Amino acid sequence: MGQSASSAAILSRRDSNYSHRSKIKSTALISPMHLDETDDFREIILGASDFISDLPDECLACIFQSLSPVDRKNCSLVCRRWLRVEGQSRHRLSIKAEADLSSIIPSLFTRFDAVTKLALKCDRRSTSIGDDALILISFRCRNLTRLKLRACRELTDVGMAAFAKNCKGLKKLSCGSCTFGAKGMNAVLDNCSALEELSVKRLRGITDSTAEPIGPGVAGSSLKTICLKDLYNAQCFGPLVIGAKNMRTLKLFRCSGDWDTLLRYVAERVTGLVEVHLERLQVSDAGLSAISNCLDLEILHLVKTPECTNLGIVALAERCKLLRKLHIDGWKANRIGDEGLIAVARNCSNLQELVLIGVNPTKVSLEILASNCRNLERLALCGSDTVGDNEISCIAAKCIALKKLCIKSCPVSDQGMEALAEGCPNLVKVKVKKCRGVTPEGADSLRLSRGSLAVNLDSGEPEHPDASASDGGIQDNVVDFHPIPSQVAPPMIASSSAGRSSSLKSRLGLLAGRGLVACTLRRWSGGNSSTRINT
């Protein structure tokens, strides 16, 4: 009897200990996504030693700001305090701006009441928000500094005017495929005195040649960057471009009209221009000559402007001696060549980046460039029929500071690769694409001779449909130079097809892992996080 009582006591204690351990284990495995948003459940998770509760809201907000968007959403589900702090510390918000958004705007911006950067994007096949929704947002986000509008086709001049009056602190506006017109744009320029950046693409409300002139308004004195893309009647922005006296960057892409006269007025009134992009415009040497009056010019992109010739490049180079980056896409017109490049070499000794596409330089101009531009670090030669092994040998011997070299569709062979193996002591990366004279063996030889040099070869042969392109290389005659790290580890892969296949497998494996994690998080969330909001 006593023995059975003793055994029962032991079993009772054992069950109690097991229950306690099981409780601890199950508590540790509870996911925040499964909890109700109450402080009681948070205490269950954190237990007696809850040091997080002692953290001020400001410290907790700093922690949230260092997390990824997915982690931030998950943290907001832990408890009411975390939900509140996460919402108040979120300054950037991207929303799917469909018509049914209007009903949740009050609750949405009650939670996210500190938003300063807002993106409203709508799908082309959906109906976007209208004026009422934008006006309501402007009442809730009076501290907004950045606004991006994409395909908000239901917005009109009325909505933009009301928004501009409520958000006068706006510093950056980017709109694309919207349908409001000149009056809406003028309302922004007349009310937002702090506006610094304006980007307009396919503004469909401006189609008439007699449209109301745009600008400059009170924003004329604060604007520093103006970017106009794919505008049928971009000349309406002439008063704004001319009146932005403190403008430093002007970008014009595929805009109709003759721009020579406008550029002359710009150069006369805007003397601080540092960066100019001209792509597929009706501009000639007269426009380049006008830009040459901007003596502080450092960056010039001249893309597919067939009326520009050596004369315009010479006039610009002789006066813009601070030029650091020069991109020229000659569109195979053969109107810019050695004469213009020699003028750049003799006058722009600070040149650091030179991209030539559809231009045919010879050894004469390349040698002078290499000798005079001692700081040239990045060079790209694409579609040049005159750049062969002799020209590459000249670059290898003369360009001491060169760090990145891109060669595409040029008559270069393995002999040019051998020259690179012995020259350019600071060279970090070489990309060779569609140069059929360069073999994988030649690229491997270059890599072996320079262990720290990254060599990427694409011979132009058809690849597997799933194979990825070279990492950040020249694609469709677009060159993008990325920052060069201070130390570059020796590459594991040179340029062979086997190397590309191995790289592809590793990338697919990494993506598969990311997809698995994303799917798991979505299952945990159980639909609690809105699919409308991104950061």
Side-chain angles (χ1 to χ4, degrees), residues 327-334 336-338 341 353-367 369-370 376-399 402-424 427-450 453-464 467-482 491 493-501 503-504:
H327 290 214
I328 300 177
D329 185 343
W331 219 2
K332 294 283 188 178
N334 288 328
I336 298 177
D338 279 347
L341 295 177
E353 180 174 308
L354 177 62
V355 175
L356 300 177
I357 302 172
V359 178
N360 290 324
T362 66
K363 184 178 179 181
V364 176
S365 59
L366 290 175
E367 188 170 9
L369 278 165
L376 188 63
E377 296 181 352
R378 298 171 295 276
L379 176 62
L381 302 169
C382 309
S384 301
D385 298 331
T386 57
V387 175
D389 292 332
N390 289 335
E391 285 70 26
I392 298 300
S393 298
C394 173
I395 292 171
K398 300 286 186 177
C399 294
L402 196 65
K403 293 182 179 180
K404 283 190 174 183
L405 175 62
C406 297
I407 309 170
K408 177 181 177 182
S409 301
C410 296
V412 179
S413 69
D414 288 345
Q415 184 179 348
M417 300 299 101
E418 293 176 3
L420 289 176
E422 301 175 358
C424 299
L427 199 60
V428 173
K429 180 178 286 188
V430 175
K431 294 183 181 181
V432 182
K433 186 173 183 179
K434 296 183 179 179
C435 298
R436 298 187 180 277
V438 180
T439 65
E441 292 76 18
D444 289 339
S445 176
L446 174 59
R447 178 180 61 85
L448 292 174
S449 63
R450 305 271 298 264
L453 182 63
V455 181
N456 186 290
L457 173 64
D458 181 358
S459 60
E461 297 177 357
E463 296 184 355
H464 190 276
S468 59
S470 59
D471 53 338
I474 306 172
Q475 300 177 9
D476 296 331
N477 284 343
V478 176
V479 180
D480 185 13
F481 287 113
H482 299 284
I493 304 170
S495 56
S496 64
S497 59
R500 289 197 300 272
S501 176
S503 175
L504 175 63

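Scope of the values below: all heavy atoms of this structure, side chains included, with no hydrogens, waters or symmetry mates. Owing to the predicted nature of the structure, the values given are computational and were not obtained by experimental measurement. The residues of the chain are indexed from 1 along the displayed sequence.
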Peer 1: What distance separates Cys435 SG from Lys408 NZ, expressed to the nearest 0.5 Å?
Peer 2: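 The SG atom of Cys435 sits 10.0 Å away from the NZ atom of Lys408.
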
Peer 1: How far apart are the C-alpha atoms of Met417 and Val412, what are their side-chain angles, what is the distance that settles it, and do they pass the side chain to side chain contact (heavy atoms under 4.5 Å, CB included) test?
Peer 2: CA-CA 8 Å; Met417 300 299 101; Val412 179; 4.0 Å; yes

Peer 1: Taking side chain as C-beta onward, heavy atoms only, is Val364 less than 4.5 Å from Leu366?
Peer 2: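 No. Closest side-chain heavy atoms not under 4.5 Å.
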
Peer 1: For Gly330 and Val359, work out which heavy atoms get closest and say how close.
Peer 2: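 Nearest pair, atom of Gly330 first, then Val359: N-CG2, 3.8 Å.
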
Peer 1: What's the spacing between Leu354 CG and Leu369 CG if we round to 0.5 Å?
Peer 2: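 The CG atom of Leu369 is 6.0 Å from CG of Leu354, to the nearest 0.5 Å.
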
Peer 1: Just to verify, what does Asn390 make a side chain to side chain donor-acceptor pair (under 3.5 Å) with, not counting sequence neighbours?
Peer 2: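 Partners of Asn390 under the side chain to side chain donor-acceptor pair (under 3.5 Å) test: none.
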
Peer 1: Is any NZ, NE, NH1 or NH2 atom of the basic residue among Lys332 and Asp385 found under 4.0 Å from an Asp or Glu carboxylate oxygen of the other?
Peer 2: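 Looking at Asp385 together with Lys332, the answer is yes, because their closest N to O distance falls below 4.0 Å.
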
Peer 1: Taking all non-hydrogen atoms of both residues, which atom of Pro411 and which atom of Val387 are closest, and how far apart?
Peer 2: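 Taking every non-hydrogen atom into account, CD-O, 3.1 Å.
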
Peer 1: To the nearest 0.5 Å, tell me how far Leu453 CG sits from Arg447 CZ.
Peer 2: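 Atom-to-atom, Leu453:CG and Arg447:CZ are 10.0 Å apart.
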
Peer 1: First locate atom CG of Leu405, then atom SG of Cys399, and finally report the distance between them rounded to the nearest 0.5 Å.
Peer 2: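 The SG atom of Cys399 is 8.5 Å from CG of Leu405, to the nearest 0.5 Å.
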
Peer 1: Under 3.5 Å, is there a donor-acceptor pair between the side chain of Asp414 and the main chain of Glu441?
Peer 2: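 No, Asp414 side chain to Glu441 backbone: no donor-acceptor pair under 3.5 Å.
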
Peer 1: Check whether Ser365 reaches the backbone of Pro361 with its side chain - one donor and one acceptor, N or O, closer than 3.5 Å.
Peer 2: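 Not confirmed, Ser365 side chain does not pair with Pro361 backbone.
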
Peer 1: With the side chain counted from C-beta on, respond yes when Glu367 and Glu391 share a heavy-atom pair under 4.5 Å apart, and no when they do not.
Peer 2: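 Not in contact.
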
Peer 1: For residues Val438 and Val432, report the shortest heavy-atom separation together with the two atoms involved.
Peer 2: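 Result for this residue pair: CG2-CG1, 4.1 Å.
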
Peer 1: Supply the atom-to-atom distance Leu379 CG to Lys404 NZ, rounded to the nearest 0.5 angstrom.
Peer 2: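 Going from CG on Leu379 over to NZ on Lys404, the span is 13.0 Å.
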
Peer 1: Look at the side chain of Ser384 and the backbone N and O of Leu381, then say whether any donor-acceptor pair between them is shorter than 3.5 Å.
Peer 2: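 No, Ser384 side chain to Leu381 backbone: no donor-acceptor pair under 3.5 Å.
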
Peer 1: In Å, rounded to the nearest 0.5 Å, how long is the span from CZ of Arg450 to CD of Glu422?
Peer 2: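 One finds 10.0 Å between CZ of Arg450 and CD of Glu422.
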
Peer 1: What are the two closest non-hydrogen atoms of Ala419 and Ala396, and how far apart are they?
Peer 2: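 Closest approach of Ala419 to Ala396: O-CB, 3.4 Å.
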
Peer 1: Determine the minimum heavy-atom distance between Asp389 and Gly416, stating which atoms define it.
Peer 2: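 That would be OD1-N, 3.2 Å.
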
Peer 1: Passes side chain to side chain contact (heavy atoms under 4.5 Å, CB included), Leu402 versus Ile395? Steps please.
Peer 2: CA-CA 9 Å; Leu402 196 65; Ile395 292 171; 3.9 Å; yes

